[in-house]
Amino acid sequence: MSGHHHHDHDGGQGHHHHHGDPADHGRAFAIAIVLNTVFVAVEFGYGFVANSTALMADAGHNLSDVLGLMLAWGAAILAKREPSRRFTYGLRSSSMLAALFNGMLLMAACGAIAWEAVLQLIHPVAVHGSTVSVVAGVGILVNGVSAWLFMAGSKDDINIRGAYLHLAADAAISLGVLVSGLAVMFTGWIWLDPLVSLGIVVMIVLGTWSLLKTSLRMMMAAVPANVDSAKVEAFLRGRPGVTDIHDLHIWSMSTTETALTAHLVMPAGYPGDEALDAIARTLREEFAIHHSTLQTEQGTTDHACCLRQEAGADDHSDHDHAEHDHDHDHDHGHGHHGHAH
């Protein structure tokens, strides 16, 4: 029985230069962070002067954006770090953490904006519509340009998507604030200002929900949404010489990379490096699985995934339970039947 460990790491990068490659986003992050930081200061000042919660709320939200962008940028840089003895995967998974934090930050910002808006609905104050409209107009430009910088990478990388969603939501918010500023100017309905803030909050919460859900799943080592585990299993079972497969695990290493481990039962014995290289290549090209570790076994002893045995033990009769324990001990007799996690 021999283990075969397969990497496809181009210079330690682990993935090819496609749209989601953090290398291309350094400039986008730098520009967006500078633009937004300057804008936050200006917007908050004018919001304070013009008595507009919508403007101040937008500034607060833009500030959470700057923090979110810094998080996402930091994670994109950390993802390029070479693996070390302690962090054998490098620091790739920091991008998943950043996406999760980004979603949480947005939710917190929403709570603050909603609170402010409700207060202003109860105690209305006069709003300077013209000031609000002009500042919001600048906001649309700043956030629109920033979001556009991230558009290409947002399809492949949830971390970049978090940054993109953040900025796109901001541009929409500024548009809402602009419209309400104009409306207040022409109608004098000052309650429009906080009402728009509340509408904005609902939009952001709906938009952030999928980001939070996806990043949480990644942190819980779920099979990534773009990988069909049934198809992967069918592909591995269909390889020549494979009679069975177990211990199949597929999970996210980062927001753009996927890892897989599997045990292939091959009674005829180890098929040679080339056969396994071919499997790894197909996994990479067809299933976007960048880091696969395959272990071959001849099936002369009983093997099953120890995680499943422990979980399944409760569901079986006592007789089965005893058998499972036996199998489990049997497994432990083989030191090298372990996970490559």
Side-chain angles (χ1 to χ4, degrees), residues 13-33 36 60-81 83 87 89-112 143 146-173 201 203-227 250-260 288-291:
Q13 292 299 330
H15 65 99
H16 304 283
H17 287 252
H18 54 78
H19 298 305
D21 199 339
D24 314 331
H25 295 294
R27 202 176 68 240
F29 277 119
I31 297 170
I33 287 171
N36 280 278
H61 179 239
N62 268 310
L63 181 63
S64 87
D65 256 20
V66 174
L67 294 173
L69 281 172
M70 288 175 171
L71 265 175
W73 194 12
I77 292 168
L78 289 175
K80 319 277 285 180
R81 288 277 297 275
F87 295 99
Y89 277 135
L91 299 173
R92 320 186 116 65
S93 54
S94 55
S95 56
M96 304 191 289
L97 264 179
L100 184 62
F101 277 138
N102 226 327
M104 286 159 70
L105 258 180
L106 263 172
M107 290 298 192
C110 283
N143 292 306
S146 305
W148 174 76
L149 292 170
F150 290 107
M151 209 162 90
S154 64
K155 290 191 291 291
D156 300 308
D157 184 345
I158 185 191
N159 185 29
I160 302 297
R161 192 167 106 217
Y164 168 70
L165 274 177
H166 234 125
L167 294 162
D170 275 11
I173 290 167
V201 165
M203 262 177 51
I204 303 172
V205 169
L206 292 175
T208 312
W209 195 247
S210 75
L211 176 73
L212 263 180
K213 199 168 69 180
T214 310
S215 49
L216 259 176
R217 281 184 175 159
M218 283 185 163
M219 295 306 298
M220 304 293 287
V223 175
N226 64 334
V227 177
I250 307 169
W251 71 102
S252 295
M253 284 159 58
S254 76
T255 50
T256 54
E257 298 162 287
T258 305
L260 167 149
I289 292 168
H290 310 82
H291 187 296

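If you're wondering where the values come from, they're calculated on a predicted model, not measured in any experiment.
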Nearest-0.5 Å distance that lies between atom CG in Leu106 and atom CH2 in Trp209: 13.0 Å
Closest heavy-atom pair, Ala288 versus Asn226, reported as atoms and distance to 0.1 Å, is CB-ND2, 4.3 Å
At what distance, to the nearest 0.5 angstrom, does NE2 of His290 lie from OG1 of Thr258? 6.0 Å
Leu149 versus Ala32, closest heavy-atom pair with distance: CD1-N, 4.5 Å
Given 3.5 Å as the limit, does a donor-acceptor pair link the side chain of Ser93 with the main chain of Met96, or not? no
What's the verdict on side chain to side chain contact (heavy atoms under 4.5 Å, CB included) for Ile160 and Thr256, showing C-alpha distance, side-chain angles and the deciding distance? CA-CA 10 Å; Ile160 302 297; Thr256 54; over 6 Å; no
How long is the gap from CG on Leu105 to CG on Leu100, to the nearest 0.5 Å? 10.5 Å
Should Ile173 and Asn62 be marked as a side chain to side chain contact (heavy atoms under 4.5 Å, CB included) after you check the CA-CA gap, both sets of side-chain angles, and the distance that decides it? CA-CA 10 Å; Ile173 290 167; Asn62 268 310; over 6 Å; no
How far apart are the closest heavy atoms of Ala171 and Asn143, and which atoms are they? N-CB, 3.6 Å
Indicate the atoms forming the closest heavy-atom contact of Cys110 with Val205, along with that distance. SG-CG2, 3.9 Å
Quick one: sort the Phe29 and Trp73 rings into parallel, tilted or perpendicular, breaks at 30° and 60°. parallel
Rounded at 0.5 Å granularity, tell me how far CG in Leu71 sits from CG in Asn102. 6.5 Å
Measuring from Ser252:OG to Met219:CE, what's the distance to the nearest 0.5 Å? 10.5 Å
Show the nearest heavy-atom pair for residues Leu78 and Ser94, with the distance to one decimal. CB-OG, 3.4 Å
Inter-residue atom distance Leu216.CG - Met104.CE, 0.5 Å rounding: 8.5 Å
Nearest heavy-atom pair of Arg92 and Ser95: which atoms, and what distance? O-OG, 2.9 Å
